[in-house]
Amino acid sequence: MSVPAFVEARRSIRAFLPEPVPRDVLDALVEAACLAPAPHHSRPWRFAIVDTPAAKDALARGMGARWRADLEGDGVGPARIDDLIDKSYTKIADAPALVLGCLTWDGLDRYPDERRQRAEWGMALLSLGAAVENLMLAAADRGLASCWIASPIFCPEEARDALALPREWLPHAMVIVGTPDPLYEGRQRPPVPLDTLRRNT
Ligand SMILES: Cc1cc2nc3c(=O)[nH]c(=O)nc-3n(C[C@H](O)[C@H](O)[C@H](O)COP(=O)(O)O)c2cc1C
């Protein structure tokens with residue numbers, strides 16, 4: 001038994017040609033994301049398309065300000081902070097398009113206690129992961145490059161407010177999408193150590 005070729009074909013690609021991704025293509029990727037499994041038919045995700053210079057700038061600045069404050073709190077030196085924030089800005093500004101995966105409480109169950117409330121949110125997060133994987137598989141299927149970027153999960157409110165998204169949309173994942181730069185060389189994918197990662201019981 002081998003891994004299906006369409007699963008193996010998806011790689012994280014972080015360099016793009018300067019070509020826009022048509023809106024209808026981005027819509028098709030979001031539609032693929034929305035076919036992911038979700039707890040009790042909830043679809044607790046919302047997707048924000050970011051493909052204009054103004055929106056990219058606002059998002060990069062909004063998240064960058066939060067990250068700068070976090071790094072200062074960690075005691076990181078100013079030169080290093082500037083370098084990290086500049087690189088992060090460029091990653092967002094230079095991406096042809098970004099799709100932000102947001103979570104909402106809409107459709108999720110509410111519990112009176114913290115333990116089950118946290119588990120419910122955890123289920124929503126897991127399903128967002130499934131949705132993001134669908135999106136990236138659909139991108140790869142169209143010959144597009146994509147890469148998941150973690151930053152919004154550290155600053156959902158700042159990412160939301162930077163884009164003036166509805167209050168209940170909380171960004172937790174970001175995918176950069178574009179036409180792959182043929183010169184990009186990714187890391188070689190290490191083999192899957194099945195005997196370490198899987199146990200038969
Ligand atoms: C939750 C999550 C967060 C990630 N965040 C980042 C990120 O911030 N920057 C980045 O370059 N890659 C990020 N990645 C991509 C991983 O580095 C990548 O999936 C991993 O190295 C395996 O490579 P592959 O996707 O090509 O198989 C993230 C992946 C996941 C699942």
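Read the numbers this way: they start at 1 and go in the same order the structure lists the ligands and their atoms.
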I want to check something: taking the side chain as every heavy atom from C-beta on, are W121 and L170 in contact at a cut-off of under 4.5 Å? yes
Flag side-chain contact, heavy atom, 4.5 Å: Y111 against R118: no
Name the closest protein heavy atom to atom 27 (O) of ligand 1, giving the residue it belongs to and the distance to 0.1 Å. R189 NH2, 3.1 Å
Could you tell me if the side chain of V99 sits less than 4.5 Å from the side chain of I176, heavy atoms only? no
If we only count heavy atoms from C-beta on, is the M123 to H40 side-chain gap below 4.5 Å? yes
Would you say the side chains of W148 and S12 form a donor-acceptor pair under 3.5 Å? no
Any heavy atom of C147 sitting closer than 4.0 Å to ligand 1? yes
Can you report which non-hydrogen protein atom sits closest to atom 21 (O) of ligand 1, along with the distance? R14 NH2, 4.2 Å
For ligand 1, which is the ligand I care about here, please tell me if R10 has any N or O atom under 3.5 Å from one of the ligand's N or O atoms. yes
Under a 4.0 Å N-O cut-off, is there an ion pair linking R10 with E133? yes
Among non-hydrogen protein atoms, atom 9 (N) of ligand 1 lies closest to I149 CD1, 3.6 Å
Atom 22 (C) of ligand 1: the protein heavy-atom neighbour that sits closest, reported with distance to 0.1 Å: S12 OG, 4.6 Å
Of the protein's non-hydrogen atoms, which lies at the shortest distance from atom 8 (O) of ligand 1, and what is that distance? A150 N, 3.0 Å
Provide, to 0.1 Å, the distance between atom 14 (N) of ligand 1 and the closest protein heavy atom, together with that atom's residue and name. W148 O, 3.2 Å
